[in-house]
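A quick note: this is a predicted structure, and the numbers were derived from the prediction, not measured. Order of appearance sets the numbers: ligands from 1, and atoms from 1 within every ligand. No hydrogens, no waters, no symmetry mates; every other heavy atom, side chains included, goes into these values.
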Amino acid sequence: MAEIKVPFFKPSFSDEEKKAVCEVIDSLWLTTGKVTHEFECEFAEYVGSKHALAVNSNTSGMILAMEACGVGPGKAVITTPYTFVSTAASAVHLGGDVFFADIERDSYSIDPEKIEEILKKDTSHKIVAIVPVHIAGNLCNMKKINEMAKKYSTAENKIYVIEDAAHSFPSPTKDGFAGTLGDIGVFSFYATKTMTTGEGGMITTNDDSLAKRMSQMRLHGMNRDAWDRYTNPKASWEYDIIAPGFKSNLPDVLSAIGRVQLKKAKSFDEKRKKIAARYSQAFKDLDYVILPPDGEGNAWHLYLLHLDTSKLDCDRNLFAQELQALGVGISMHFIAIFNFTYWREKYPDFRAENFPNADEHSKNTITIPLFPDMSEEQADFVIEAVKKVGEKHHVR
Ligand SMILES: *Cc1c(COP(=O)(O)O)cnc(C)c1O
């Protein structure tokens with residue numbers, strides 16, 4: 001394979017993260033403790049949520065969130081096929097089911113009308129949560145989604161809204177940050193996300209009882225965590241188990257990295273947006289590129305190069321291959337879930353033809369490099385490569 005001249009992603013780290021990690025190691029408190037509590041407080045303040053719970057991944061957080069909302073055998077969630085599989089798999093881990101709603105034609109966001117079609121048919125009140133995903137950092141129509149959840153909730157059966165906010169940090173809107181616009185938000189600090197702890201995540205909510213449940217289920221179903229048992233004058237060995245919980249806490253070593261990254265989040269955001277704007281400026285007159293949607297609060301986590309393949313004599317895969325051959329690191333967000341064996345076998349109706357928009361985006365989109373430390377020269381290199389491949393395959 002050709003040498004990669006501009007990588008798809010590169011995390012931004014400095015001596016500050018190293019120093020923070022060393023301090024935790026020197027403290028000899030290696031599991032979840034004071035540093036994680038501080039990270040949670042700072043994150044909650046940043047996005048303006050009452051509670052923030054640090055977890056070891058977005059996936060763990062999503063399982064906890066769905067569990068707290070009542071997902072389990074006989075219950076289900078609605079999400080989109082245009083996401084990472086963990087969003088949907090989380091419901092299955094709990095014994096629940098997934099209903100899929102297509103995305104909108106002109107964005108990557110779950111279509112509220114498709115959500116309503118599913119809710120209308122759900123006369124047995126199986127659905128307990130809607131899980132919108134803010135793809136690439138561009139926010140879903142949260143107003144409509146919240147309305148839908150409210151409209152179809154009953155006294156016995158509340159429908160919760162859980163935002164998969166893995167791509168949308170930071171995403172401020174006039175109604176608050178992404179992750180605080182529904183009942184629960186779940187962030188990811190995976191290695192390639194807008195801020196990273198290597199692996200990690202954060203759950204946000206304003207609901208005290210959901211927060212309590214998720215906090216206990218995060219650590220074995222214990223009614224007290226290790227830090228509380230260490231610092232609280234009550235006997236340290238005393239605790240109760242209220243349910244068979246999970247092990248999803250974030251250790252202090254990683255939270256220490258998170259605290260430093262959080263301080264840099266604003267500057268990361270500004271740098272990514274400059275590169276994204278440079279891309280869009282360069283691509284706006286190319287008829288074979290459909291510019292990414294850019295709504296309020298867009299975090300620009302990813303730059304999705306959506307090809308209009310009717311203007312090209314090649315498909316997306318060949319286009320991607322030729323970009324790589326020129327030295328451009330690429331990724332795909334996302335291979336729509338109906339393409340995967342497990343999901344096709346699980347749900348016989350779960351087929352591309354029933355999700356034309358997700359299928360079209362999934363077939364024609366390439367994720368091109370975007371990261372804070374990217375130079376203008378690197379961005380221009382990517383732009384030239386896109387134009388070179390595009391011109392070669394352009395049909396006039
Ligand atoms: C990365 C990602 C996840 C999973 O995050 P982890 O922290 O790796 O578990 C979930 N949903 C979306 C949309 C993602 O991009």
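Within ligand 1, the atoms closer than 4.0 Å to a non-hydrogen atom of Ser86 are 3 (C), 4 (C), 10 (C), numbered from 1 in the order shown. Close contacts of ligand 1 with Thr83, meaning ligand atoms under 4.0 Å from a residue heavy atom, involve 13 (C). Residue Ser57 has at least one heavy-atom neighbour below 4.0 Å for each of these atoms of ligand 1: 7 (O), 9 (O). Residue Thr87 approaches ligand 1 through these ligand atoms, each under 4.0 Å from one of its heavy atoms: 11 (N). Counting the atoms of ligand 1 from 1 in the order shown, those under 4.0 Å from a heavy atom of Asp164 are 10 (C), 11 (N), 12 (C), 13 (C).
Proximity of Val133 to ligand 1, defined as any heavy-atom pair under 4.0 Å, is confined to the side chain (atoms from C-beta onward). At a heavy-atom distance under 4.0 Å, no atom of Ile135 approaches ligand 1. The part of Lys193 lying near ligand 1 is the side chain, judged by heavy-atom distances below 4.0 Å.
In this structure, Gly201 does not count as a contact residue of ligand 1, since none of its heavy atoms falls inside 4.0 Å of the ligand. Heavy-atom distances between His333 and ligand 1 stay at or above 4.0 Å for every pair. Taking 4.0 Å as the cut-off, Phe334 counts as a neighbour of ligand 1 on heavy-atom distance. Residue contacts with ligand 1 include Gly200, since one of its heavy atoms falls under 4.0 Å from the ligand.
In summary, the side chains of Thr80 and Thr83 do not present any donor paired with an acceptor at a separation below 3.5 Å, with no hydrogens or angles considered. A donor-acceptor contact closer than 3.5 angstrom links the side chains of Ser14 and Lys264.
Remark: ligand 1 and Ser188 share an N or O pair separated by less than 3.5 Å (distance only, no angle test). Inclusion of Thr59 in the set of residues having an N or O under 3.5 Å from an N or O of ligand 1 is warranted.
Nearest-residue assignment for atom 5 (O) of ligand 1 (options Ile63, Thr192, Val85, Asn58; heavy-atom criterion): Asn58.
Using a 4.0 Å cut-off between charged nitrogen and carboxylate oxygen, Lys193 and Glu199 do not count as a salt-bridge pair. Between Glu147 and Lys143 there is a salt bridge, since at least one side-chain N of the basic residue sits less than 4.0 Å from a carboxylate O of the acidic one.
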For this session: Would you please test His51 and Asp208 for side-chain hydrogen bond (donor to acceptor under 3.5 Å, both in side chains) and show each step?
Result: CA-CA 8 Å; His51 304 276; Asp208 295 341; 2.7 Å; yes

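For atom 15 (O) of ligand 1, the closest heavy atom belonging to the protein is His167 NE2, 2.6 Å.
For Glu17 (side chain) and Val260 (main-chain N/O), no donor-acceptor pair under 3.5 Å exists by modelled atom type.
Relative orientation of the Phe39 and Phe189 rings is tilted, given thresholds of 30° and 60° on the angle between their planes. In this structure, Phe350 and Phe355 have perpendicular ring planes: the angle between them is above 60°, well past the 30° mark. Ring geometry for His306 versus His361: interplanar angle of 30 to 60°, hence tilted.
Across Thr205 and Ala211, no two heavy atoms sit closer than the pair CG2-CB, 3.8 Å.
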